[in-house]
J.: 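Shown below is the structure under consideration.
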Amino acid sequence: MRLTVNGTPREVGDDPDLPLLWALRDVLGLTGTKFGCGVAACGACTVLIDGAAVRSCQVAVADVRGAVTTIEGVGTPEALAPIQQAWVEHQVAQCGYCQPGQILQAAALLASNPNPTDADIDAAMAGNLCRCGTYPKIRAAIRRAAAMAQGAGP
Amino acid sequence: MTRSANRPARRLGRYTRRGFLVATAAVAGGVAFGVWKAREVPPNPLAPEEGVALNPWLLIDALGVTVVVPRAEMGQGVRTTLAALVAEELDADFAAIRVIHGPPAQAYYNGALMEAGLPYPAYALTERQRWIGRQMAVLPKLLSLQVTGGSTSTVDAFEKMRLAGATARETLKRAAAARTGADIAQLLTEAGAVVLPDGTRLPYPELAAEAAAIAPPEVTLRDPGQWRLLGRPLPRTDMVEKVTGTATFGADVMLPGMKFATVRMNPRLGGPMLSFDPAPALALGGVERVIDLGTGIAVVGATTWHAMRGAEAVAVDWGPAPYPETSAEIFAAIAAAFDAAPNSTLRDDGEIPPPAAGDVSAEYRVPFLAHATMEPMNATALRTADALEVWCGTQAPVVTRDKCAEAVGLDPAAVTVHTTYLGGGFGRRAEFDFAVLAARVADAMPGTPVKVTWSRAEDMRHDFYRPAAIARFRGRVAGGRIAALEAAIAAPSVTRQSMGRLAGFAPPGPDKGHVEGAFDQPYAIPNWRVAGHLADLAVPVGFWRSVGNSMNAFFHESFIDELAHAAGADPLRFRLDHVRPVHAPSARVLEAVAEMSGWGEDAPGTAKGVAFTHSFGTPVAEVVEVADEGGSIRITRAWIACDPGRVLDPAIVEAQMVSGLVYGLSAAAMQEITFAGGEVAQENFWDHDALRLHTCPKVEVRILQDNPHMGGVGEPGTPPAAAALANAVFALTGQRIRELPLRRSVRFVA
Ligand code: FES
Ligand code: FES
């Protein structure tokens with residue numbers, strides 16, 4: 001089975017039922033996408049498929065019909081994406097385990113809604129759990145990323 | 001900042017043997033200031049003021065400065081603040097330093113744990129009692145207690161790690177003086193280099209080898225007024241990795257040829273496995289092997305998902321649990337503990353009058369709670385002919401090493417433990433069960449590295465829970481003051497169970513952790529007794545963020561509210577009246593939180609509750625505001641005032657306070673672990689949820705620094721949260737809820 005992951009075609013084995021999460025982590029070694037619950041209850045495994053945020057623990061590789069973007073495809077330590085810069089500016093992460101999923105969920109929100117209200121942010125982020133309670137900083141970083149995209153500059 | 005801080009972390013991100021050698025050995029051309037000394041005598045804990053000859057916290061090699069932070073980074077920022085302690089005195093370039101966890105070692109014992117264990121209220125410790133605590137630091141050393149817990153990391157490291165930096169700085173200056181003939185008094189240090197009088201810079205890596213041959217001088221620590229790094233918010237050393245998916249958590253360890261596995265242990269915790277049939281699992285694609293672990297099974301698969309699917313398919317006949325089967329029976333067993341003599345009466349002041357009309361009485365209960373770290377339990381292990389290597393996120397690497405060694409029949413010296421980032425700890429990763437299981441799986445497949453990841457259900461249902469507890473309070477108010485207060489608390493003992501697991505014996509004597517948060521609060525109450533009753537129950541219990549405080553603060557601060565109500569007093573004013581005569585820093589956090597929250601003025605349809613707890617050396621007052629939203633309750637805002645004494649990084653302290661509050665509110669509002677048929681009923685976040693972004697209140701934090709003693713920050717934000725919320729619900733609805741979680745009694749906005 002072949003998938004396009006972060007712009008590159010990748011071979012992910014022959015089990016069509018394998019959830020995308022585990023294809024990414026165990027087959028491709030892209031461990032930035034996290035396992036938290038396996039039942040769509042935490043958002044740690046969030047990736048983008050053609051720009052839409054999905055829970056990769058719930059999507060079988062055979063059902064992936066678009067290009068997959070993981071946290072590794074958003075930006076790198078040497079070249080942070082603006083949303084990651086916003087996360088660094090607000091020093092959002094504590095343990096950090098939920099943050100790749102939070103960032104991809106927020107990236108999908110901002111792509112479709114460049115200037116989200118608090119209610120928009122609430123609705124978009126409700127599925128992403130953070131046991132460290134970084135929510136206030138996540139909200140601030142989303143606002144910052146939105147402002148950066150509106151030209152407020154870094 | 002971002003690039004340089006991250007570069008080394010990436011290099012060390014994959015845990016290869018070579019990577020580790022580079023970090024620990026001087027042979028690669030680097031100088032480890034005392035890393036090798038860790039295998040000899042650890043520094044004398046009784047006289048740290050005289051300077052430590054060589055120290056185990058600093059490595060300088062051709063690549064630059066590496067600080068060993070031998071504490072688990074689980075989100076609390078320890079890799080930033082502890083590294084800054086060294087960098088401050090060393091005059092290192094903070095943006096360029098690398099941080100590693102380092103090996104398990106006796107030298108990294110946590111000396112602050114013992115003072116925390118003294119059976120006195122921390123706010124009232126005398127200098128003599130603190131001195132005794134320091135002498136007792138010898139115990140963690142002898143026991144090699146390299147533990148991240150008890151909110152002690154910064155307190156423990158404050159002197160040690162600054163000395164590590166200062167000693168190295170002065171030694172490097174001596175090396176520069178010896179090489180150049182310059183007068184040492186004329187030498188400066190700055191941004192990772194010794195600067196000669198003519199301005200020439202000698203970077204530390206160039207001097208390190210010569211410095212290693214020089215006996216380190218005695219040093220004096222800088223006055224805090226000279227600090228450039230400490231006392232201000234620093235960019236966290238782990239931030240860039242954590243927003244780019246490049247931070248390596250235990251679950252992310254990848255090794256060549258690695259297999260993926262999971263475990264399924266008896267859900268009747270501690271019970272036997274009577275029989276199992278692996279055939280249904282082996283018939284599934286991608287399932288490679290089913291391993292008998294005695295009280296459960298491990299399944300090895302092509303991926304973790306194949307292993308988990310296989311584990312569910314194994315047909316198992318589980319034996320019974322060694323404790324009563326239902327929550328009702330378990331609570332009955334806890335209640336029965338009141339009938340036996342108390343284990344402790346750590347507060348026993350004045351005379352408790354016999355019951356009389358007008359007394360206020362209340363019984364409270366709290367449930368078992370899971371830690372539910374975001375990253376489920378996991379560990380990776382490789383068994384070779386004569387050695388074992390383990391990779392995991394652990395709060396107790398020395399114990400983990402020893403227990404893994406025991407499990408596979410090796411000498412501890414043959415076991416290496418690599419501590420990764422922790423995707424949450426909260427006390428759960430102070431246990432070693434997940435590492436030992438991985439070691440045993442690896443033992444069954446020598447030569448092959450194996451990563452053992454638990455499913456969320458396995459994690460939720462095989463925890464060491466915050467104990468369920470029952471508390472009975474009786475009090476009397478007269479003239480607006482508490483005249484008498486009698487409390488009895490019954491629960492299984494975390495201390496006894498965990499010491500049994502760690503050391504094989506349960507310590508005798510009063511169990512302080514069992515009653516902390518109730519007996520040790522700075523209230524002026526003339527007649528006051530707090531008794532702790534230990535329930536003998538085999539339900540696994542463990543350290544849950546703030547431990548005994550997490551339940552006792554709910555009991556005590558709910559009851560203080562009830563007494564305030566009985567006295568017709570404002571609950572915040574009432575607390576102040578009792579706290580002010582005893583402990584000024586505690587009174588000041590109450591005053592601060594009153595001011596911040598606009599205490600006394602509530603918008604229509606809203607109400608506020610307050611609670612206060614002195615825990616881990618830090619007084620914290622919290623006000624929570626709730627609003628009625630169409631018959632449901634929304635937690636709208638919260639205010640925290642804390643005084644941890646000298647603050648090394650205010651941004652990290654603030655983040656920890658918010659985190660502690662959210663953790664406590666989540667549990668108070670919605671979480672419980674219940675038992676049916678001897679098994680935990682909850683499985684996942686859908687039935688053990690937490691606050692989320694849309695239900696999280698706006699939080700404001702004020703940090704005071706008047707406390708003369710440094711306190712912890714990782715846990716003290718949690719204890720007041722439950723009572724502050726319950727007291728707010730009372731203020732809003734008139735309903736006094738004495739049982740958690742609150743959602744049993746009221747509905748919260750979902
Ligand atoms: S792991 Fe997919 S939503 Fe939790
Ligand atoms: S940062 Fe730890 S779970 Fe979100």
Side-chain angles (χ1 to χ4, degrees), chain A residues 13 15 17-19 21-23 25-27 29-39 41-42 44 57 70-72 74-78 80 83-85 87-88 91-100 102-103 121-123 125-139, chain B residues 2-3 6-7 10 74-77 233 235-236 238-249 251-252 254 260 285-286 302-306 308 372-376 421-426 453 455-456 651 655 658-659 661-663 666 684-686 689-694 696 698-699:
Chain A
D15 189 338
D17 294 334
L18 181 67
L21 167 65
W22 298 108
R25 289 183 56 82
D26 289 2
V27 180
L30 292 171
T31 54
T33 306
K34 305 303 183 194
F35 164 60
C37 71
V39 298
C42 78
C57 69
T70 70
I71 189 69
E72 290 91 345
V74 173
T76 64
E78 293 73 24
L80 294 173
I83 191 166
Q84 291 166 319
Q85 285 170 25
W87 245 250
V88 170
Q91 296 278 296
V92 175
Q94 291 193 20
C95 87
Y97 194 78
C98 73
Q99 299 298 340
Q102 306 276 7
I103 289 169
I121 295 174
D122 281 350
M125 304 303 293
N128 289 72
L129 194 62
C130 174
R131 287 293 281 140
C132 298
T134 63
Y135 303 121
K137 287 182 180 240
I138 291 173
R139 188 186 296 279
Chain B
T2 55
R3 292 198 58 217
N6 187 65
R7 199 183 322 122
R10 263 167 72 79
M74 43 193 170
Q76 82 283 40
R236 288 178 60 131
D238 55 354
M239 190 58 63
V240 170
E241 287 173 275
K242 287 179 174 178
V243 304
T244 51
T246 54
T248 302
F249 296 89
D252 302 334
M254 285 292 209
F260 302 94
T303 69
T304 306
W305 178 76
H306 289 98
M308 286 181 186
T373 58
M374 202 70 222
E375 178 195 17
Y421 280 124
L422 283 65
F426 313 127
T453 307
S455 70
R456 175 56 62 188
V658 174
S659 174
L661 171 84
V662 172
Y663 199 77
S666 293
N684 210 311
F685 293 124
W686 59 268
D689 205 355
L691 292 188
R692 292 172 180 254
L693 186 132
H694 67 294
C696 181
K698 290 198 173 63
V699 190

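First the proteins, then the strands, lettered A, B, ... as listed; each starts at 1. All of these numbers come straight from a predicted model, not from anything done at the bench.
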J.: If you define the side chain from C-beta out and look only at heavy atoms, does anything of Arg692(B) sit under 4.5 Å from Leu129(A)?
T.: yes

J.: Looking only at heavy atoms, which two atoms of Val243(B) and Ile103(A) are closest? And how far apart?
T.: O-CD1, 3.6 Å

J.: Taking side chain as everything from C-beta outward and backbone as N, CA, C, O, which of these in Met374(B) sits under 4.5 Å from a heavy atom of chain A? Side chain, backbone, both or neither.
T.: both

J.: Does any N or O in the side chain of Arg131(A) come within less than 3.5 Å of the main-chain N or O of Ala372(B), such that one atom is a donor and the other an acceptor?
T.: yes

J.: Verify side-chain contact (heavy atoms from CB on, under 4.5 Å) between Val92(A) and Lys242(B), making sure each step is shown before the conclusion.
T.: CA-CA 9 Å; Val92(A) 175; Lys242(B) 287 179 174 178; over 6 Å; no

J.: What's the shortest heavy-atom distance between Gly423(B) and Cys95(A), and which atoms?
T.: C-SG, 3.6 Å

J.: List the steps and the verdict of side-chain contact (heavy atoms from CB on, under 4.5 Å) for Thr453(B) and Phe35(A).
T.: CA-CA 10 Å; Thr453(B) 307; Phe35(A) 164 60; 4.1 Å; yes

J.: Based on non-hydrogen pairs under 4.5 Å, which of Cys98(A), Gly32(A), Ala93(A), Cys42(A) is most in contact with chain B?
T.: Ala93(A)

J.: Between His694(B) and Met125(A), is any pair of side-chain heavy atoms under 4.5 Å apart?
T.: no

J.: Of the non-hydrogen atoms in Gly36(A) and Phe685(B), which two are nearest, and what is the gap between them?
T.: O-CE1, 3.9 Å

J.: Applying side-chain hydrogen bond (donor to acceptor under 3.5 Å, both in side chains), can you list everything that pairs with Arg139(A), at least two apart in sequence or on another chain?
T.: Asp118(A), Asp122(A)

J.: Determine whether Asp17(A) and Trp305(B) satisfy the following criterion, side-chain contact (heavy atoms from CB on, under 4.5 Å), listing intermediate values before the conclusion.
T.: CA-CA 10 Å; Asp17(A) 294 334; Trp305(B) 178 76; 3.7 Å; yes

J.: Roughly how far, to the nearest 0.5 Å, is CH2 of Trp686(B) from SG of Cys37(A)?
T.: 12.0 Å

J.: Donor-acceptor pair, distance only, cut-off 3.5 Å: does the side chain of Tyr135(A) make one with the backbone of Val662(B)?
T.: no

J.: Just how far is it from atom CZ of Phe426(B) to atom SG of Cys132(A), taken to the nearest 0.5 Å?
T.: 4.0 Å

J.: Measure across Pro376(B) and Tyr97(A) and return the closest heavy-atom pair with its distance rounded to 0.1 Å.
T.: CD-OH, 4.1 Å

J.: With the side chain counted from C-beta on, respond yes when Ile121(A) and Leu693(B) share a heavy-atom pair under 4.5 Å apart, and no when they do not.
T.: yes

J.: Counting heavy-atom pairs under 4.5 Å to chain A, which of Met308(B), Arg456(B), Met239(B) comes out on top?
T.: Met239(B)

J.: Nearest heavy-atom pair of Gln94(A) and Arg236(B): which atoms, and what distance?
T.: O-NH2, 3.5 Å

J.: For the residue pair His306(B) / Asp15(A), report whether a side-chain donor-acceptor contact shorter than 3.5 Å exists.
T.: yes

J.: Looking at every heavy atom in both Val658(B) and Gly133(A), which two are closest together, and how far apart are they?
T.: CG1-O, 3.9 Å

J.: Mind checking the CG-CG spacing from Leu30(A) to Asp252(B)? Nearest 0.5 Å is all I need.
T.: 11.0 Å

J.: Test side-chain contact (heavy atoms from CB on, under 4.5 Å) on Thr304(B) and Arg25(A) and set out the steps.
T.: CA-CA 9 Å; Thr304(B) 306; Arg25(A) 289 183 56 82; over 6 Å; no

